[in-house]
Q: 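Mind having a look at this structure? Questions to follow.
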2 protein chains.
Amino acid sequence: MAAPDPPPAPQRRGRPRSVAADRAILAATRAALVEVGWSRLTMSEIALRAGVAKTTLYRRWAAKSELVVDAVAVLFDELELPDRGCLRADVEGVVISFAALLRRPETKTALMAVLAESTTDRALRARIREAIVDRQKRLVLDGRSRAQQRGELPPDPPDPAETARVVDLIFDVIAGAVVHRSLVSDCPVDETWARQFATLLLEGLGAASTSARPQSEQAQPDTF
Amino acid sequence: MAAPDPPPAPQRRGRPRSVAADRAILAATRAALVEVGWSRLTMSEIALRAGVAKTTLYRRWAAKSELVVDAVAVLFDELELPDRGCLRADVEGVVISFAALLRRPETKTALMAVLAESTTDRALRARIREAIVDRQKRLVLDGRSRAQQRGELPPDPPDPAETARVVDLIFDVIAGAVVHRSLVSDCPVDETWARQFATLLLEGLGAASTSARPQSEQAQPDTF
DNA sequence: CAAGTTACGCTACGGCTCGTAGCGGAATGA
DNA sequence: TCATTCCGCTACGAGCCGTAGCGTAACTTG
């Protein structure tokens, strides 16, 4: 991720780019984003905070949006999926921790900003996918294979393309629901919501529509 | 929706505001948004296209983002939920038509742009909720009560607050998944995906993980 | 060590958009 | 007719954009 425009010729000649400046710029970008928001985020402001000349920014990033993608991508790598013992608990856990990440001002502001720009910029879309989205699918893969080992989910179908479709679907449903709940509906993703969402995801609409709370772990699908 | 800043004293004295100008401005906003995208959308450009003085824009809308909210809100009212006979078909239908709406350039660009701005603007968040989000929950309410009449879903729980929670949850899951799939993952929402998503929503993770396609309507949850 | 190469900080610039102010005129109600 | 409100037009200071040019700093190669 760290390497912006010219994919690094690992050791070129001449003065190397300052990695300290890189770090300072990305940190300054996150900080400025928190305070002023996307639309009032200026390159001059970032350069000032980073203690760097404005020209240095333009030498490394062609557009504000690309800079912001790199500035935020690292935040998403914090997400982990510790084994909580059963599929339901794993789902609730990842929902809670993803929501916590989205609650941080720099995360949500930057994420939505670059997504907005990406609707009219194909290259930026690709960059977002590589730097942020695709890397989080590991969470789904982990949780899924764990659940399969426990016997909570059927094994992979013979066609690997089918497996990929299912993983993508699950990822879109989980990530989409959390993002929509917290950033669009603007409601908190608390434990109650996570529990209800996990019920819906595991057992479907019928189960989620009953007021009865599933008692502890007893309510796993009986198909397995 | 139509009335921007001063909530209309229905008949004041003096020259009334031109509703034709209102329409022209909102249409010009959508058109300009398609061509230049959010970040290069300028008030001068909108005014020029609408055949209106720039000052007129500022007399009615305080910020670009508020103007865009109003410009796009009407597009979402096109969504309908015709009775397709069963819950599964209704879900697939609304997913497809919502995705078609999001495929239109002015819709996706504007929606993501105002959402991005809203992360640092509480008033704008409220405006979005009123003008766009909350009005679409009617779709969930309709589909849900229909499914209840068909016996596909259990009746409402006694606590109305619980019902509201469930409706909100379903809305976030459906809308979030479609938005995430089409705008973040940048993949098409086609009939295959809609069918797979509906299976997941109706029957849960276990059913969606099998490669076997549910044959026609036979695969409804057997709890009802 | 010297030469060659690359990155850096600084300054300055034209071009553009922003949001506001002030004016004369147009459209309505009293 | 008069008061009121909106409109279109012009003009303006302010701020940011992205680039160019300069002298200097850091590092590689011979």
Side-chain angles (χ1 to χ4, degrees), chain A residues 2-29 32-33 35-68 70 113 117 120-121 123-124, chain B residues 2-26 28-29 32-33 35-68 113 117 120-121 123-124:
Chain A
D5 262 354
Q11 255 330 39
R12 318 180 51 161
R13 289 191 301 176
R15 177 174 175 173
R17 287 192 168 171
S18 159
V19 290
D22 255 334
R23 277 196 297 271
I25 291 172
L26 295 178
T29 303
L33 210 43
E35 291 187 18
V36 304
W38 164 258
S39 66
R40 266 157 303 188
L41 180 68
T42 69
M43 297 295 252
S44 317
E45 171 82 7
I46 296 175
L48 185 66
R49 285 175 188 248
V52 156
K54 192 175 60 163
T55 44
T56 300
L57 295 188
Y58 287 103
R59 288 192 188 106
R60 306 191 183 193
W61 287 276
K64 206 169 64 173
S65 47
E66 301 187 357
L67 168 57
V68 173
D70 290 350
E117 284 302 304
T120 52
D121 184 338
L124 184 59
Chain B
D5 263 355
Q11 256 329 41
R12 320 179 51 162
R13 288 190 303 175
R15 177 176 176 172
R17 286 193 169 173
S18 159
V19 291
D22 254 334
R23 276 195 299 269
I25 291 172
L26 295 178
T29 303
L33 210 43
E35 293 188 18
V36 303
W38 164 258
S39 65
R40 267 157 303 188
L41 181 68
T42 69
M43 297 297 251
S44 318
E45 171 82 8
I46 297 175
L48 185 65
R49 284 175 189 250
V52 155
K54 191 176 62 164
T55 43
T56 301
L57 295 188
Y58 287 104
R59 289 195 187 102
R60 306 191 182 193
W61 287 276
K64 206 169 64 172
S65 47
E66 300 186 359
L67 167 57
V68 172
E117 284 301 306
T120 51
D121 184 338
L124 184 60

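To find a chain, count down the sequence lines: A is the first, B the second, and so on, and within it residues start at 1.
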Q: Can you see which heavy atom on A:Ile25 is nearest to which on A:Ile46, and at what distance?
A: O-CG2, 4.1 Å
Q: Do the non-hydrogen side-chain atoms of A:Ser65 and A:Trp38 ever get within less than 4.5 Å of each other?
A: yes
Q: For B:Leu41, is there any backbone N or O sitting under 3.5 Å from a side-chain donor or acceptor partner on B:Lys64?
A: yes
Q: When you compare the side chain of B:Leu26 with that of B:Leu67, does any pair of heavy atoms fall below 4.5 Å?
A: yes
Q: Quick one: OG1 on A:Thr29 to CD on A:Glu45, what's the gap to the nearest 0.5 Å?
A: 10.5 Å
Q: What's the CG-P distance between A:Leu48 and C:dT11, to the nearest Å?
A: 13 Å
Q: Rounded to whole angstroms, how far apart are CG on B:Leu57 and C1' on C:dT17?
A: 13 Å
Q: Could you check how far CD1 of B:Ile25 sits from C1' of D:dG8, rounded to whole Å?
A: 12 Å
Q: Looking at CG of B:Leu48 and CE of B:Met43, how far apart are the two atoms once the value is rounded to the nearest 0.5 Å?
A: 14.0 Å
Q: Between A:Ala47 and A:Ala53, which heavy-atom pair has the shortest distance, and what is it?
A: CB-C, 4.0 Å
Q: Check nucleotides 1-4 of chain C against the protein and report each pair of N or O atoms closer than 3.5 Å, with its distance, or say if there are none.
A:
none

Q: Round to a whole Å and report the spacing from CG of B:Leu41 to C1' of C:dT17.
A: 12 Å
Q: In whole angstrom, give the distance that lies between atom CZ of A:Arg17 and atom P of C:dT5.
A: 18 Å
Q: If the threshold is 4.0 Å, N to carboxylate O, is there a salt bridge linking A:Glu35 and A:Arg49?
A: yes
Q: Which nucleotides of nucleotides 19-24 of chain C have their base under 4.0 Å from a protein heavy atom (B), which only their sugar-phosphate (S), and which neither (-), written as one string 5' to 3'?
A: BBB---
Q: Nearest to the side chain of A:Thr42, which nucleotide is it out of C:dC10, D:dG8, D:dC17?
A: D:dC17
Q: Ignoring backbone atoms, establish whether A:Ser18 has a side-chain N or O less than 4.0 Å from OP1 or OP2 of D:dA26.
A: no
Q: Could you check how far CD1 of B:Ile46 sits from C1' of C:dC16, rounded to whole Å?
A: 16 Å
Q: Say you draw a straight line from OG1 of A:Thr56 to CH2 of A:Trp61; how long is it, rounded to the nearest 0.5 Å?
A: 10.0 Å
Q: Below 4.0 angstrom from OP1 or OP2 of D:dG8, is there any side-chain N or O of B:Thr56?
A: yes
